[in-house]
Engineer: 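One structure, pasted below without further comment.
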Amino acid sequence: MTNIYSPHIQNFKIAKDLITRWELVVFPTETVYWLWANALDQDAVRKIFKTKNRPADNPLIVHLALKSDIKKYAIISHSLQKLIINKLMPWPITIVLPKRSIIPDIVTAWSPMVAIRLPQNDIAQDFLKIVNLPIVAPSANLSTQASPTSADMVYKSLGSRVPMIIDWWICDFGIESTVVMIPDDKHIKILRPWIITKQDLQELCPQDVKISFAQKPSEHSPGNKYKHYSPQAQVFLFSNIQDILSYDQSSQKIWLIATQEFISTNFKSLSNLVNLTIYDRWTKSNLVTCAQNLFQLYHQCDQDKIDIILIQSLPPRWIWYSIMNRVRKSLSNPKLF
Ligand code: TXA
Ligand code: MG
């Protein structure tokens, strides 16, 4: 694998040079691996859309190193926006704000709003400081594929399309940032849920602030209407052991993803099913590992040519809400959720 490099300062210099020559490079962050380009350069941004086969109406997040840079590219007008920025950035949270004209329209898909994120990961922070530019960076996968959480996953998806992938083990969190919009001092709308949950935001804000989820998938965030995070296998949710028994009649290769609690309770029935591979690393005690494992697991299923993935349906509370949000986007039959 000749285009995978270590996160060494020399390689950062090569990456900077590539970016100034309109090439795309891949870096790790705390959430997923991302594909970088200069946000102020329309040709480079166009190349991102082309490389990923990304629909032009799906806007990109602009990444910055410093809080003090936000006002160069967006307008902060409410105290609630300031509070969220001061308390939660840098961290896996993205805030959608009115954009300044310096941000090209292609970045925001012609929306007057721009999404801003400050990554917390050291490599991403160091490189942002070295290039000293706002960077558009979607997840480093082809559109509709699962977001990559290791350099190896990136290589399999985009390896032939990018000259440089910086390798840095597996991302800490494994699914993308929480995206929020704060229209006034009393409301927060969660456009994409993840590790910073509704409860976390509620605890941080004054009591009279109302926090809600975007109602329709596309509300305020066009990207949400597209199918995402899909492995090649068909994905179904199940609730109980009867659901699983009904799937095991064919000769198809099936993977079962369930909590350890479910597997130990139903071990006897499950061990009779010959076509079933059991994946049991979901535990209630480590929700971040569950999330981190989800995309890894989808990639593994693609590699092993799995036909069907059965995923346990979990109560939509706390981070389970975010994990189920990602699972739901990959379902073959959303009605089963
Ligand atoms: O953790 C993350 O957020 C990762 C890392 C690489 O930072 N990025 C990421 O980017 O997941 P991407 O392009 O895969 O997803 C960006 C999401 C999409 O759902 C898009 O619709 C939404 O953010 N978004 C971007 N700009 C927006 C805007 N101006 N208004 C509303 N939603 C926006
Ligand atoms: Mg993505």
Side-chain angles (χ1 to χ4, degrees), residues 24-37 39 45 48-49 51-65 73-75 89-100 103-121 123-125 127-128 134-149 153-154 157-158 166 168 171-183 189-196 214 216-230 291-292 295 298 322 325-326 329-330:
L24 307 177
V25 294
V26 174
F27 264 74
T29 75
E30 68 275 22
T31 55
V32 295
Y33 275 67
W34 53 359
L35 186 64
W36 282 51
V45 177
I48 289 242
F49 280 98
T51 304
K52 279 184 55 100
N53 299 334
R54 184 180 178 105
D57 68 352
N58 188 5
L60 296 164
I61 297 174
V62 173
H63 297 77
L64 305 170
Y73 306 105
I75 297 160
M89 290 181 144
W91 195 241
I93 184 148
T94 297
I95 180 166
V96 174
L97 295 165
K99 90 174 181 76
R100 292 200 186 274
I103 297 289
D105 287 334
I106 186 173
V107 169
T108 64
W110 287 265
S111 159
M113 310 294 279
V114 60
I116 304 274
R117 173 157 127 72
L118 273 62
Q120 178 234 14
N121 168 287
I123 298 171
Q125 274 280 339
F127 190 57
L128 278 167
I135 293 290
V136 282
S139 48
N141 53 283
L142 293 172
S143 274
T144 78
Q145 285 182 351
S147 299
T149 52
M153 282 164 76
V154 178
S157 170
L158 289 181
I166 299 284
W168 181 74
C171 301
D172 294 341
F173 294 119
I175 52 180
E176 303 88 341
S177 59
T178 302
V179 180
V180 296
M181 185 180 260
I182 307 175
K189 188 145 266 189
I190 300 176
L191 307 184
R192 181 173 72 175
W194 172 216
I195 192 159
I196 295 168
K216 284 182 272 156
S218 58
E219 191 184 1
H220 305 298
S221 196
N224 288 343
K225 69 177 181 248
Y226 292 106
K227 193 173 186 218
H228 265 186
Y229 323 114
S230 336
Q292 193 184 42
F295 290 155
Y298 278 1
S322 308
N325 172 279
R326 302 306 190 269
K329 283 176 186 284
S330 62

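In listed order, ligands and their atoms are each counted from 1.
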Engineer: Is Ser177 in polar range of ligand 1, meaning some N or O pair under 3.5 Å apart?
Structural biologist: yes
Engineer: Hey, does Met113 come in under 3.5 Å of ligand 1, counting only N/O atoms on both sides?
Structural biologist: yes
Engineer: For ligand 1, find out whether one of its N or O atoms is nearer than 3.5 Å to an N or O atom of Thr31.
Structural biologist: yes
Engineer: Any side-chain donor-acceptor pair under 3.5 Å between Ser139 and Glu176?
Structural biologist: no
Engineer: May I ask you to check whether Asn58 has an N/O atom sitting below 3.5 Å from an N/O atom of ligand 1?
Structural biologist: yes
Engineer: Considering Lys52, Arg192, Arg117 one by one, which has a heavy atom nearer to atom 9 (C) of ligand 1 than any of the others?
Structural biologist: Arg192
Engineer: Go through the steps to decide whether Arg117 and Thr31 satisfy the test side chain to side chain donor-acceptor pair (under 3.5 Å), and finish with yes or no.
Structural biologist: CA-CA 12 Å; Arg117 173 157 127 72; Thr31 55; 3.1 Å; yes
Engineer: Sort out for me which residue in Ser147, Pro148, Pro138, Pro119 forms a side chain to side chain contact (heavy atoms under 4.5 Å, CB included) with Trp34.
Structural biologist: Pro119
Engineer: Decide yes or no for Asp105 and Lys99: does some side-chain heavy atom of the first lie under 4.5 Å from some side-chain heavy atom of the second?
Structural biologist: yes
Engineer: Got an N/O contact under 3.5 Å between Ser139 and ligand 1?
Structural biologist: yes
Engineer: Look at atom 4 (C) of ligand 1 and find which of Val32, Val26, Asp57, Thr178 reaches it with the closest heavy atom.
Structural biologist: Val32
Engineer: Indicate yes or no: at least one non-hydrogen side-chain atom of His63 is less than 4.5 angstrom from one of Thr29.
Structural biologist: no
